[in-house]
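Chain letters run A, B, ... following the sequence lines, proteins first, then strands; residues in each count from 1.
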Amino acid sequence: MWAFHSPQITQSPSPHATHLPRPSPKSPICFVNLNPAAAVTAATSTSNNNELIQSLCKQGNLKQALKLLSHEPQPTQHTYELLILSCTHQNSLLDAQLVHRHLLANGFDQDTFLATKLINMYSFFGSLRDARKVFDKTQKRTIYVYNALFRALTLGGHGEEVLSLYRRMNSLGIPSDRFTFTYVLKACVASDCLISLLKKGKEIHAQILRRGYEAHVHITTTLVDMYARFGCVSYASLVFNEMPVKNVVSWSAMIACYAKNGRPFEALELFGEMMLENQDLCPNSVTMVSVLQACAALAALEQGRLIHGYILRRGLDNILPVISALVTMYARCGKLELGQRVFDQMDKRDVVSWNSLISSYGVHGFGKKAIQIFDEMIRQGVLPSPISFVSVLGACSHAGLVEEGKILFQSMHKKYGIYPSVEHYACMVDLLGRANRLEEAAKIIQDMRLEPGPKVWGSLLGSCRIHCNVELAEWASARLFELEPTNAGNYVLLADIYAEAGMWDGVKRVKKLLGARGLQKVPGRSWIEAKRKIFSFVSVDEFNPQIEQLHALLVKLSTEMKEKGYVPQTKVVLYDLDAEEKERIILGHSEKLAVAFGLINTSHGEPIRITKNLRLCEDCHSFTKFISKFTNKEILVRDVNRFHHFRDGVCSCGDYW
DNA sequence: TTAGGGTTAG
């Protein structure tokens, strides 16, 4: 498209000496002193020079363009625009800074158009301070200049700065445009303090309605996404349902909202609706990633396979995020080998693909294999990301590989220059805590340079539950009740610890606190996929039409297994009840109902696959081990943390979970 | 001149 002109710097027309701008004394740019004879011809050909520079930029020949620039007395706005663009294409910050200094020296310091380009440029290089400097030095700040800085700050995660600047813009009477709204909505979630900014987001939503932008698909889609990120699913769906115009992006945003907020069933339902009711809408790779996430969350293997087929038919199977999501989907549906096969068939892999595989092995309890894959990734020259360490440390934790985990944790900064984040500390606390090294876990928290967040305290409390440590549990829960006052799970964990220690006063106190704050325990729930449908069970499920049949089967199996040595672990019932009543309660656990359903509804040789929303209780674990031997059935249970693969009376977790 | 949805973990 662009004609190639080979730049002949030595023969090129030279500018007249009088037209040559004086470089400022501070400017490092060297203007070539040209002889007067050459300068005469140059006076008329500066437009050609500009064209030549522009052409070189378009060809990606930045170095030659810059050389020629030093001979050009009157670069135009367009020349600078293309130079700036070229610097980002070439990923050269040094050249970008040179162009910036050059345009300042040539009197373009108040050019608002170039100011927006410079802000975008510095945003690209991650130099937000420089972007802000350009903004501050620009006197006439058009909405374009504001929007450019909003975009830069939002991308950089400085949401609060955007919102304070936005307030100032409003007070100066500068009206927002449709672009401003998308940036400031995104700014509300590009920050750490989500609670206060949700209120701000709602205010901006009101402004959008007042300005009559509710029919604008970009803005409303951003609104759906903002509410999704705050976890306000009902608000997101309200906005979505009222959108007069929806496109594939809006549908994808709403599907992602469900998938990301623990509502995978609704995500799949909405995807079905999108396919059925809108035949002119074609789902794309982004849509498919969320749909795969939903299948993974539900362990819906058959659905996942159908989606995989669709992805192949649509030719979306060469897109990296889609393949990574496929690897995860298969692994989380219990088909680790299929996940590995998808990974093996990839032409190219990025760090995310590797992370998918590492965590897949981790969740199945193959810690050593996960470390091997991590090492292989490094050997192949792929640098680990912070998430690689979350994945591999998590794998160590599931497999009880404490020493290996400690070495990896230390290597993060030493070898790879990655500072451990709160997530990594949470992994370490989990790793040590599960291994009953609770004092060491507590020491890690005390020595942390970062503020330990809810994840860290939650890991400690979870470990205290496993090993029944009241003292540390009280320490952790006191912090958790401050940080997450509405997370019912924390209260339940502490109550369980008190109950197991026989401290019934403590149980009463915590339950009272739970009630006073209007919170409820999340009921145990298990899912199973059969005949391409997903069946869900809750504990002591009175509304299930098959409950009597399932219960009768469980009583029969339990009685027979007791003769073979199964002893019901009634201690998991944390109520002051008699043994018989406790036994009745544990037999009604959702996971056992799902196992019974699986025994009735799966064919011979077909494994039973169950998903559970909580950690597997000791009795269900022991019961399922017995069942797998007693009925000669393979049973895969994915609890909230990991997989348990029961076969012939043994579990893959080695009773460590 | 500028804009919306996604990948891996917990």
Side-chain angles (χ1 to χ4, degrees), chain A residues 77-78 81 84-85 111-120 123 142-152 154 177-186 216-226 228-229 236 240 243 246-257 259-260 283-293 296 316 319-329 331-332 349-360 362-363 384-395 397 421-427 429-430 453-456 458-459 462 640-642:
Chain A
Q77 186 196 53
H78 188 49
E81 183 199 358
I84 290 168
L85 210 62
D111 185 304
T112 53
F113 176 84
L114 289 181
T116 66
K117 298 291 162 194
L118 285 167
I119 292 169
N120 291 342
S123 162
T142 61
I143 192 65
Y144 290 107
V145 181
Y146 271 100
N147 285 348
L149 189 66
F150 288 155
R151 178 177 175 269
T154 301
D177 68 2
R178 58 193 196 282
F179 294 94
T180 320
F181 283 121
T182 57
Y183 297 132
V184 292
L185 284 175
K186 272 175 148 327
H216 199 289
V217 70
H218 280 99
I219 293 178
T220 40
T221 304
T222 316
L223 266 171
V224 168
D225 184 55
M226 181 196 74
R229 282 170 205 266
F240 177 76
M243 281 174 79
K246 295 187 186 97
N247 60 19
V248 63
V249 183
S250 347
W251 282 87
S252 305
M254 195 60 222
I255 292 169
C257 171
K260 280 253 155 85
N284 59 22
S285 65
V286 181
T287 328
M288 299 326 294
V289 166
S290 292
V291 173
L292 285 171
Q293 266 187 325
L316 300 170
I319 294 168
L320 280 177
V322 174
I323 314 172
S324 299
L326 267 172
V327 171
T328 305
M329 183 276 291
R332 294 187 73 87
R349 300 175 184 124
D350 62 1
V351 67
V352 179
S353 340
W354 286 95
N355 292 349
S356 306
L357 197 66
I358 293 167
S359 57
S360 295
V363 84
S385 70
I387 292 178
S388 311
F389 283 99
V390 176
S391 311
V392 74
L393 290 174
S397 186
S421 70
V422 179
E423 278 80 8
H424 300 109
Y425 281 105
C427 286
V429 170
D430 191 63
K455 281 172 196 162
V456 174
S459 292
V640 70
N641 292 318
R642 58 164 297 151

On DNA chain B, which is the earliest and which the latest nucleotide, 5' to 3', with an atom closer than 4.0 Å to a heavy atom of chain A? B/dT1 to B/dG10

Mind checking [X] for me? I need base, sugar-phosphate or nothing, with any heavy atom below 4.0 Å counting as a touch.
| X | value |
| --- | --- |
| A/Glu81 | nothing |
| A/Asp225 | sugar-phosphate |
| A/Val327 | nothing |
| A/Ser356 | sugar-phosphate |
| A/Asp177 | base |
| A/Asn247 | base |
| A/Ser285 | base |
| A/His424 | nothing |
| A/Asp430 | nothing |
| A/Lys260 | sugar-phosphate |
| A/Ala426 | nothing |
| A/Leu292 | nothing |
| A/Ser388 | nothing |
| A/Val351 | nothing |

Minimum heavy-atom distance A/Ser360-A/Ala331, with the two atoms named: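 Where A/Ser360 meets A/Ala331 most closely, the heavy atoms are OG-CB, 3.2 Å.
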
For a side chain to side chain donor-acceptor pair (under 3.5 Å) check, start with the C-alpha distance between A/Ser252 and A/Thr287, then their side-chain angles and the critical distance, and finish with the verdict. CA-CA 5 Å; A/Ser252 305; A/Thr287 328; 3.0 Å; yes

Any donor-acceptor pair under 3.5 Å from [X] side chain to [Y] backbone:
| X | Y | answer |
| --- | --- | --- |
| A/Thr116 | A/Ala148 | no |
| A/Ser397 | A/Leu393 | no |
| A/Ser385 | A/Ser388 | yes |
| A/Ser123 | A/Ile119 | no |

So, using side chain to side chain donor-acceptor pair (under 3.5 Å) as the criterion, who are the partners of A/Ser353 when residues are at least two apart? A/Asp350

Should A/Tyr144 and A/Thr112 count as side-chain neighbours, where that means a heavy-atom distance under 4.5 Å? no

How many angstroms lie between CE in A/Met226 and OG1 in A/Thr221, if you round to the nearest 0.5 Å? 13.0 Å

Both atom distances under 3.5 Å, Watson-Crick or G-U wobble: I'd like the secondary structure of DNA chain B as a dot-bracket string, with | for pairs made across strands. ..........

